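These values consider heavy atoms only, across backbone and side chains, with no hydrogens, waters or symmetry-generated copies. Just so it is clear: chains get the letters A, B, ... in the order the sequence lines come, proteins before strands, and each one is counted from 1. As the structure is a prediction and not an experimental result, all values here were calculated from the model.
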Protein chains: 2
Amino acid sequence: MSKTKETSTNFENKQLLIQCCSEVYAIEMISGQWILSILYGLVGGKLRYGELRKRIPEITERMLTLQLRKLESNGLVKRTVYAEVPPRVEYELTPSALKLTPILKQLKDWGEQHKEVME
Amino acid sequence: MSKTKETSTNFENKQLLIQCCSEVYAIEMISGQWILSILYGLVGGKLRYGELRKRIPEITERMLTLQLRKLESNGLVKRTVYAEVPPRVEYELTPSALKLTPILKQLKDWGEQHKEVME
DNA sequence: CAGCATCCCAGGTGATACTG
DNA sequence: CAGTATCACCTGGGATGCTG
């Protein structure tokens, strides 16, 4: 670390922005090509890794794993590992993530209105 | 086009997602390192390019221009060019963009709550 | 079953210099 | 004043193959 001066400066700016502006922080969390697909996949209840994968056929294993880890570390998804053979891992939304859904609904409504305005 | 098979497929998927899910479309619009800074810079009313730049000292001219064009083509910002010397260009939020602000407020509130939950 | 490791390319972004 | 052009870098994400 502390190698690339400008990059680290930028990173610090971004971190600062995320810390002071909670909306930036929130948007960071729901940004990313797969985040919403995963969130929506889980609104129905907990799912195993393989089940989740079937609901999002286009995603690669790599990205599903990466994004789930991101969601987990962001506190939007809870990951439960069962000490069994064969292994079983279940994912579910946290209460916090569930509170996000009405806001997503509003974004959807805004988006639809905005599309109409646009032509 | 039609060169890289997988990439174009992916692009199509993404476009499809944006078209069918208006929340994805909305999130796309407010995602990006500078979008919110610019939006917030303009909530007070119209500003000239240079004035806007002073409000966001860290942004480069290149990025300010690019992001403003993105916002313009997305219908969030209106750009007005005055045929004068020296040139004058003013930017202002569209009504649609203004409707977004309460939703951003909610995202902010959620973000703050979520931060508290997180430790 | 539920991942991780590796390689690789495309696109986004910064720095810098130039222009109508 | 309000941009555009060019180069160069870094990260995100895909493909593929391996493992506890």
**Message:** Is there a side-chain contact between Ile27(B) and Leu104(A) in this structure, where contact means two heavy atoms from C-beta onward sitting under 4.5 Å apart?
**Reply:** yes
Within the structure, does a side-chain N or O atom of [X] lie under 4.0 Å from either OP1 or OP2 of [N]?
X	N	value
Arg48(B)	dC1(D)	no
Trp34(B)	dG12(C)	no
Tyr91(B)	dG3(D)	yes
Arg88(A)	dA2(C)	no
Arg53(B)	dG3(D)	no

**Message:** Quick check on DNA chain D: between Gln67(A) and Glu90(B), whose nearest nucleotide comes earlier from the 5' end?
**Reply:** Glu90(B)
**Message:** I'd like to know if Arg62(B) reaches the base of dG3(D) with its side chain such that a donor and an acceptor end up less than 3.5 angstrom apart.
**Reply:** no
Rounded distance (Å) that lies between atom [atom2] of [N] and atom [atom1] of [X]:
X	N	atom1	atom2	answer
Ile56(A)	dG13(D)	CD1	C1'	15 Å
Glu58(A)	dG14(D)	CD	P	10 Å
Leu68(B)	dC1(D)	CG	P	17 Å
Glu72(A)	dA2(C)	CD	P	15 Å
Glu84(A)	dC1(C)	CD	P	14 Å

**Message:** Heavy-atom nearest nucleotide on DNA chain C for Glu61(B) versus Leu66(B): which residue maps closer to 5'?
**Reply:** Leu66(B)
Nucleotide nearest [X] when distance is taken to its side chain, options [options]:
X	options	result
Val89(B)	dG14(D), dT4(D), dA2(D)	dA2(D)
Met63(A)	dA15(C), dT4(D), dG13(D)	dG13(D)
Gln33(B)	dG20(D), dC1(D), dG14(C)	dG14(C)

**Trp110(B) (side chain) donor-acceptor with Ile103(A) (main chain) under 3.5 angstrom** = no
**Prompt:** Is the closest basic N to carboxylate O distance between Glu92(A) and Lys78(A) below 4.0 Å?
**Reply:** yes
**Message:** Using 0.5 Å steps for rounding, measure from the CG atom of Leu42(B) to the OH atom of Tyr91(B).
**Reply:** 10.0 Å
**Message:** Here's a test for you: under side chain to side chain contact (heavy atoms under 4.5 Å, CB included), which of Asn74(A), Ile35(A), Leu100(A) qualifies with Met29(A)?
**Reply:** Asn74(A)
